Trainee: 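I have a structure I would like to understand better, so I am pasting it below and will then ask my questions one at a time.
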Amino acid sequence: MTTALSKQSLLFMTFSLALTRFSYCSVANANVNSNIPAIANHFGTKGRYEEVNRYLINDILSVNKSILKPVCTNSTAIHVTAIIRHGTRYLSTKNIKIMQRLYDLVLNEAMNTDKWLKDIKTKWEMWYTDDMDGKLVEKGRDDHRHLAVRLATLFPSLISEENLRAHQVGPSHKINDELMRFFDQCQKFVEDVENNQTALEEVHLFKASAEMKRVQMKMADQLQVPYNRITPDLVEAAFFLCSYEFAIKSLNSAWCNLFDETDAQVLEYKNDLKQYWKRGYGHDINRKSSCNLFHDLFNRLDQAAREIRFGHVSEAVSIQVGHAETLLPLLALMGFFRDETALTADNFDVQNGRTFRTSRIVPYAANLLFVLYDCSEGLRLQFLLNETPQNFPDIMHQAPLYDTVRETYRELLQGCNFEKECELSSPNSEF
Ligand SMILES: *[C@@H]1O[C@H](CO)[C@@H](O)[C@H](O)[C@H]1NC(C)=O
Ligand SMILES: *[C@@H]1O[C@H](CO)[C@@H](O)[C@H](O)[C@H]1NC(C)=O
Ligand SMILES: *[C@@H]1O[C@H](CO)[C@@H](O)[C@H](O)[C@H]1NC(C)=O
């Protein structure tokens, strides 16, 4: 246990914090005996990591070793680059304000006298405050501590005390927002998508769809308030309350009674639509804004590939911490989770089996691992999402030759120039 603990603290310290707005604070102890909301795997980017790997619910440090079949005889992992999302954190001030409105509405107008609603009115308190704005919670720090221990178990030869102390000065980290918060730096993205109402048209349309209306009416019925009192924003606030009470406090709160499986699927789709159009395949610039991170990744892999020929890899492990907004564009750039048809406001039913499902892809502490192996036939690269191997798009092998991967991404490797992609097209460019 001592070694595990020292590994865990070492690794945690090496997580380079690209999270400028974060600070640490603790919340009340999680109730370990609480149940899991029936809709817990529909929380999208507000979802708990344990929902993706259910075996962790019983033992948060367990590793499913059967997923890592040897990629070749004598397979030796020589390098891993990990790109990791921050752990569980508080919601934004904007969402807290909407929750407050919902809570007031319930206190003052809901006529339903069921026990769960009485519980909300008499026992539950609005404990979220504006100053929590996006801060990491204690569970969020644990998310990374536990992940660090599991990664050390998965890759004992790489994530070891010796390697982390390689430079005699102990583990170090630096903040590099340019690399990890590229979405703020890409002017074309900011102008064409972030600050452009029409870029998320499909989300607005879906908020006004028949599916969404049905959820609003059901919620109004449940609370016994007039239909016109429940807006899509208030529905979402209630869904957030259910998800945050769970993510932060491990509670299956009374708010979750407002939703059944069908409702949750609608709200999950609404969130996926937003991520799809703002961070995923919806607009080409979303993907392209991650060009620098893509090149950074391959530079690391290339360097390890070069160095292993001389028998020594200088950087065994690279750990980069960012946001869902960091991971999704890179995944899209590399062609992962691409559905044949676009996610739109009017194809909710068709998209029932979609692969672009943020609940599975980017829960809190989501992680991408790129692992290089030295095999007699050449170097091989394995990709794991949330500790599960994934095939690269169009390569039918769980750990293809590194050369094959580079060939697949040849165009991006030779192009994908951040400056060029992110440049605003000047209205007078023809002159
Ligand atoms: C471990 O992974 C294997 C292969 O993906 C899977 O079949 C098995 O169910 C997993 N075990 C647990 C306990 O989740
Ligand atoms: C595997 O590694 C061992 C020790 O490094 C070596 O003796 C053996 O020849 C290798 N086997 C193969 C098939 O490469
Ligand atoms: C806003 O988004 C729409 C839809 O993607 C696009 O057609 C339009 O050019 C964008 N406007 C600006 C100013 O970028």
Side-chain angles (χ1 to χ4, degrees), residues 14-23 45 81-87 89 91-94 133-136 172-200 203 271 274-303 315 318-338 356 358 361-362 364-368 370 409 411-429:
T14 63
F15 283 11
S16 30
L17 294 170
L19 312 164
T20 46
R21 290 196 308 140
F22 283 15
S23 63
T45 56
T81 289
I83 302 175
I84 304 177
R85 187 190 179 200
H86 59 77
R89 61 157 158 165
L91 54 177
S92 65
T93 300
K94 183 179 143 225
D133 190 24
K135 282 176 188 157
L136 205 62
S172 64
H173 77 264
K174 62 170 186 277
I175 292 171
N176 186 345
D177 282 351
E178 213 164 297
L179 187 64
M180 303 306 288
R181 294 184 62 95
F182 51 77
F183 41 90
D184 288 339
Q185 325 263 339
C186 180
Q187 275 191 303
K188 189 177 165 65
F189 168 76
V190 171
E191 178 131 326
D192 289 7
V193 180
E194 181 120 72
N195 296 339
N196 178 356
Q197 278 291 310
T198 36
L200 298 189
V203 182
N271 289 331
K274 180 174 168 201
Q275 298 301 331
Y276 182 87
W277 290 94
K278 198 164 176 186
R279 310 293 173 181
Y281 292 101
H283 300 289
D284 210 39
I285 190 61
N286 300 349
R287 311 162 56 221
K288 294 290 177 59
S289 64
S290 72
C291 282
N292 278 348
L293 185 58
F294 173 82
H295 286 300
D296 179 78
L297 165 67
F298 276 89
N299 286 343
R300 286 171 202 285
L301 298 173
D302 282 349
Q303 186 185 329
E315 185 184 76
S318 154
I319 291 170
Q320 301 172 304
V321 180
H323 299 262
E325 294 84 347
T326 313
L327 273 58
L328 282 175
L330 181 66
L331 285 169
L333 184 70
M334 297 180 73
F336 291 102
F337 308 107
R338 176 174 220 145
F356 191 88
T358 59
I361 307 172
V362 275
Y364 290 117
N367 50 87
L368 319 183
F370 297 88
Y409 292 118
E411 258 177 61
L412 287 174
L413 285 166
Q414 288 169 0
C416 204
N417 181 308
F418 179 86
E419 311 297 327
K420 227 161 89 189
E421 302 291 348
C422 292
E423 200 174 60
L424 289 174
S425 34
S426 132
N428 297 321
S429 57

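What you see is a predicted model; the values in this text were computed from it and never measured.
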Trainee: From the options T326, L327, I319, select the one residue that forms a side-chain contact (heavy atoms from CB on, under 4.5 Å) with I84.
Mentor: I319
Trainee: I361 and A366: which non-hydrogen atoms are nearest, and at how many Å?
Mentor: O-CB, 3.5 Å
Trainee: Parallel under 30°, tilted from 30 to 60°, perpendicular over 60°: which one fits the rings of Y276 and F356?
Mentor: perpendicular
Trainee: Between H173 and V321, is any pair of side-chain heavy atoms under 4.5 Å apart?
Mentor: no
Trainee: Check step by step if side-chain contact (heavy atoms from CB on, under 4.5 Å) holds for K278 and E194.
Mentor: CA-CA 7 Å; K278 198 164 176 186; E194 181 120 72; 3.4 Å; yes
Trainee: Supply the atom-to-atom distance L328 CG to N286 CG, rounded to the nearest 0.5 angstrom.
Mentor: 10.0 Å
Trainee: Just do the side-chain contact (heavy atoms from CB on, under 4.5 Å) check on H295 and C416 with the steps written out, would you?
Mentor: CA-CA 8 Å; H295 286 300; C416 204; 3.8 Å; yes
Trainee: Checking Q185 against N292: is there a side-chain donor and acceptor pair closer than 3.5 Å?
Mentor: no
Trainee: Counting only N and O atoms by type, is there a donor-acceptor contact under 3.5 Å from the side chain of R89 to the main-chain atoms of G134?
Mentor: yes
Trainee: Taking H283 for the side chain and V193 for the main chain, is one N or O donor matched with an acceptor at less than 3.5 Å?
Mentor: no
Trainee: Would a distance-only check, ignoring hydrogens and angles, find a side-chain to backbone donor-acceptor pair under 3.5 Å from H323 to M180?
Mentor: no
Trainee: To check you understand the geometry: which heavy-atom pair defines the closest contact between C291 and N417, and what is its length?
Mentor: SG-N, 4.2 Å
Trainee: Report yes if the side chains of E191 and N196 come closer than 4.5 Å at any heavy-atom pair, otherwise no.
Mentor: no
Trainee: Backbone N or O of A365 within a donor-acceptor pair of the N367 side chain at under 3.5 Å?
Mentor: yes
Trainee: How long is the gap from CG on L293 to CG on L330, to the nearest 0.5 Å?
Mentor: 5.0 Å
Trainee: Taking C-beta and beyond as the side chain, do T45 and N271 meet within less than 4.5 Å on heavy atoms?
Mentor: no
Trainee: Between atom CD1 of I83 and atom CG of L297, what is the distance when rounded to the nearest 0.5 Å?
Mentor: 5.0 Å
Trainee: For residues F182 and S290, report the shortest heavy-atom separation together with the two atoms involved.
Mentor: CZ-CB, 3.5 Å
Trainee: Is the backbone of T81 close enough, under 3.5 Å, to the side chain of R300 for a donor and an acceptor to pair up by distance?
Mentor: no
Trainee: Angle between ring planes, F294 versus Y409, binned at 30° and 60°: parallel, tilted or perpendicular?
Mentor: perpendicular
Trainee: For the residue pair E315 and S318, what are the closest heavy atoms and their distance?
Mentor: OE1-CB, 3.7 Å
Trainee: Between R279 and F189, does a side-chain contact (heavy atoms from CB on, under 4.5 Å) hold up when you go through it step by step?
Mentor: CA-CA 10 Å; R279 310 293 173 181; F189 168 76; 3.5 Å; yes
Trainee: In Å and rounded to the nearest 0.5 Å, what is the OG to CZ distance from S289 to F418?
Mentor: 7.0 Å
Trainee: Could you tell me which non-hydrogen atom of K188 sits nearest to which non-hydrogen atom of I285, and how far apart they are?
Mentor: CD-CD1, 3.9 Å
Trainee: Working to the nearest 0.5 angstrom, can you tell me the gap between D296 CG and N176 CG?
Mentor: 8.0 Å
Trainee: If I take atom CG from residue L179 and atom NZ from residue K174, how far apart are they, to the nearest 0.5 angstrom?
Mentor: 9.0 Å
Trainee: Would you say E178 has more than 12 foreign heavy atoms packed within less than 6.0 Å of its CD?
Mentor: no
